Amino acid sequence: MAMMGGGYGPQVMRSLRRDSSVTKERLAPGTVRRIAGYARPFKGQIAGFLAMVVVGALIVVANPLLMKSVIDDGIVPRRVDVVLWLAVAIAALAVLDAGLGLVQRWFSARIGEGLIYNLRTEVFDHVQRMPVAFFMRAQTGALVSRLNSDVIGAQRALTSTLSSVVSNVVSLVVVLGAMLVLSWQITLVALVLLPIFIFPAKWVGRRMSALTREQMQLDAEMSSMMTERFNVAGAMVAKLYGRPDDEAVHFAARAGRVRDVGVIVAMYGAVFRIALGLVAALATALVYGLGGSLAVNGVFELGTLVALAALLMRLYGPLTSLSNVHVDVMTALVSFDRVFEVLDLKPMVAEAPDARPVPGGPVTIEFDDVHFRYPAASEVSLASLESVARPDTGPSQPVLKGVTFTARPGELVALVGHSGAGKTTLTSLVSRLYDANEGAVRLNGLDVRDATMDSIRNTVGVVMQDSHLFHDTIGNNLRYARPEATDEEIWEALRAAQIADLVGALPEGLDTVVGDRGYRLSGGEKQRVALARLLLKAPDVVVLDEATAHLDSESEAAVQQALKIALAGRTSLVIAHRLSTIREADTILVIQDGQVVERGGHDELLARNGAYAELYRTQFTGSPDA
């Protein structure tokens, strides 16, 4: 086993277990050049790191040669002073090697963690600027994997893989050179034994690579199952509709396969280690048998025999690792490439270089002959980030077709129509979650595509049908809209949202944690907290996307009272599910098939007896002909 001394055994095993199919991957042009760009800030540290690696590799050879001198120049001629000085030299080398190991680890940590920080922050910043359509298609777990597994894999390219290659090359050259000088005959015979180990080792490595892939897949499936069952929504569905016994059996089957694969992997690992020990024993027998015979016959000295045996133990590890170096290098490069793949995906909604702030004052919203279709997958996402990648064969169907209207300062414009008519799409264009394909959406005369993103966020406030709250305190959820807000300003917003009394009655008040997605609050309470967040932001434009659609009567009444305060004096776009809530709207737009088919006030539209009247009768009488 000592044959793989210096930590080569585990290193060789990791190398042979790499998935060799990675060598078939096609890297994007310029990948290596881009990697060099990320390495440039660390070039001084990388140079120091590699210097430590080279010196460490040289020490590997120095020790056996010192042992040779101890025997041949000290013990055999009975020179105690030489033995003592060489023993001191060996001890000094050990101390130096330990010190080099610490310095090497420091350089490795500085380079690796620095690279991880740079890549993670860049990917996170880039991903959060992607359009909503990207997040609708990309699988969250795949995105997180890019920020974790692939970024760490890329980091290894500049630390583990680089140091391994340099160390193995230097060690191999120096060890092989020293052995050839000491005895070229034993060196050549020793190399003949290498295939006895390397070919079975590669076979074991391929088997373990396949099993490791299966193990990772099974672990991912178990994690996915637990994530779906253990979040609040999944747990509720499982409680109401699930079959606990069947779920337990299903999970046990997956866990059992993980157990079985783990046992097989452990046995293959044992076979590898036993083979390692067997080859070490054969090599040692070879050296001492052949070398001992040569030493007895006076061909070389006893110290040379001991040095050859020690050097041989340091030869097979680098040779075996370098036999798989192309897989190690490609694994690291592919990790970089997968990170670059995300960074190269350009956001469809981006701030113009000459963007200007939305003009101040009361805001007018204008839709001028707006046409829109949702982007295809190839325009906004990556197939590798989707759990089921089905490439779109063509552009999607138009959602909006020539929509034109104006909402003046202080007006409330209501959008009504059947599901899928295009109402939510209209509001998404105002907040610039998407851009119009044709026509223009303007805020105070400025096309939103020419406005700064910060000014749009400051101008437009949105409350969705299912408002999201972070797993954090009530206070921090509100401060997400205005980080600098004081507690008094937060309480003022809560009072305006008709929920201050409830929050005040909680034992921890603003420090109450709302739970995953705000599930510790009722639907009405969560909506009023979301309204308080909007009121704290104090935008000039308010967009409400069916904010009361799924509330009970009591909660709806409280939210409606809060809405009156939220909408007062502001330009408002309201998607209405219940037509009774928008009778006082200044303008009602009836949307059908992406077009405005009717517009006017409530009484006016009822009198026309058109599409709005039909919607109204259907909702309140259950019969379109009533």
Side-chain angles (χ1 to χ4, degrees), residues 358-370 400 402-418 421-431 439-446 448 456 459-465 496-497 527 531 534-535 537-549 556-557 559-592 594-617 619-620:
V358 174
V363 177
T364 298
I365 303 171
E366 298 175 75
F367 274 69
D368 183 5
D369 192 28
V370 171
L400 300 179
V403 174
T404 299
F405 71 89
T406 300
R408 293 176 176 80
E411 286 188 347
L412 191 160
V413 175
L415 308 174
V416 302
H418 296 294
K423 306 184 297 297
T424 297
T425 303
L426 284 168
T427 60
S428 296
L429 296 179
V430 175
S431 52
V441 179
R442 302 186 184 93
L443 296 175
N444 272 354
L446 178 65
V448 292
I456 293 175
T459 301
V460 182
V462 182
V463 176
M464 309 296 291
Q465 178 178 328
Q527 285 297 77
L531 281 170
L534 178 138
L535 290 166
K537 179 179 177 180
D540 294 313
V541 174
V542 172
V543 175
L544 302 177
D545 188 350
E546 301 192 17
T548 63
E556 182 185 7
V559 172
Q560 288 292 351
Q561 181 62 32
L563 285 176
K564 288 182 180 179
I565 299 172
L567 301 180
R570 295 183 169 96
T571 310
S572 308
L573 285 182
V574 177
I575 296 177
H577 174 72
R578 298 175 183 173
L579 301 185
S580 59
T581 63
I582 47 95
R583 290 182 178 182
E584 298 178 6
D586 297 286
T587 303
I588 298 172
L589 303 178
V590 182
I591 313 297
Q592 283 186 3
Q595 296 175 305
V596 178
V597 296
E598 285 185 349
R599 68 183 73 203
H602 173 73
D603 293 333
E604 176 188 354
L605 292 175
L606 280 181
R608 287 185 190 173
N609 200 30
Y612 180 79
E614 183 179 351
L615 282 172
Y616 191 82
R617 286 194 299 269
Q619 186 169 122
F620 287 96

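Hydrogens, waters and symmetry mates are skipped; everything else that's a heavy atom, side chains included, is used. Please read all numbers here as calculations on a predicted model, not as lab measurements.
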If we only count heavy atoms from C-beta on, is the Pro359 to Leu446 side-chain gap below 4.5 Å? yes
Contacts of type side-chain contact (heavy atoms from CB on, under 4.5 Å), residue Ala421, not counting sequence neighbours: Ile591
Identify each donor-acceptor pair in which a side-chain atom of residues 594-601 lies under 3.5 Å from a protein atom, sequence neighbours left out, and give them as a table.
unit_1 : atom_1 : unit_2 : atom_2 : d
Glu598 : OE1    : Tyr612 : N      : 3.0
Glu598 : OE2    : Ala611 : N      : 3.0
Arg599 : NH1    : Thr404 : O      : 3.1
Arg599 : NH2    : Thr404 : O      : 2.8

Could you tell me if the side chain of His602 sits less than 4.5 Å from the side chain of Ile582, heavy atoms only? no
Leu606 and Tyr616: CA distance, side-chain angles, deciding distance, side chain to side chain contact (heavy atoms under 4.5 Å, CB included) verdict: CA-CA 8 Å; Leu606 280 181; Tyr616 191 82; 3.8 Å; yes
When rounded to the nearest 0.5 angstrom, what distance separates CG in Leu615 from CD in Gln592? 7.0 Å
Would you say the side chain of Leu426 lies within less than 4.5 Å of the side chain of Phe367, judging by non-hydrogen atoms? yes
Distance check, rounded to the nearest 0.5 Å: Lys423 atom NZ versus Leu589 atom CG? 12.0 Å
Gly461 and Pro539: which non-hydrogen atoms are nearest, and at how many Å? N-CB, 3.5 Å
May I ask you to test the Thr364-Thr406 pair for a side-chain heavy-atom distance under 4.5 Å? yes
Within the side chain of Glu411, is there an N or O that forms a donor-acceptor pair under 3.5 Å with the backbone of Arg570? no
Nearest 0.5 Å please: distance from the CG atom of Asp603 over to the CG atom of Leu605. 9.0 Å
Within this structure, what is the CG-OG1 distance for the pair Asp540 and Thr459, rounded to the nearest 0.5 Å? 6.0 Å
About how many Å separate CG of Leu573 and CD1 of Ile365, when rounded to the nearest 0.5 Å? 4.0 Å
Provide the closest heavy-atom pair for Val441 versus Val430 in the form atom of the first, atom of the second, distance. CG1-CA, 4.3 Å
Within this structure, what is the CD1-CE distance for the pair Ile575 and Met464, rounded to the nearest 0.5 Å? 7.5 Å
Between Lys537 (side chain only) and Val460 (backbone N and O only), is there a donor and an acceptor less than 3.5 Å apart? yes
Close side-chain approach of Val542 and Thr571, heavy atoms under 4.5 Å: no
Backbone N/O of Leu412 and side chain of Asp586: donor-acceptor pair under 3.5 Å: yes
Taking all atoms of both residues into account, what is the closest heavy-atom pair of Ser431 and Val462, and its distance? CB-CG2, 4.3 Å
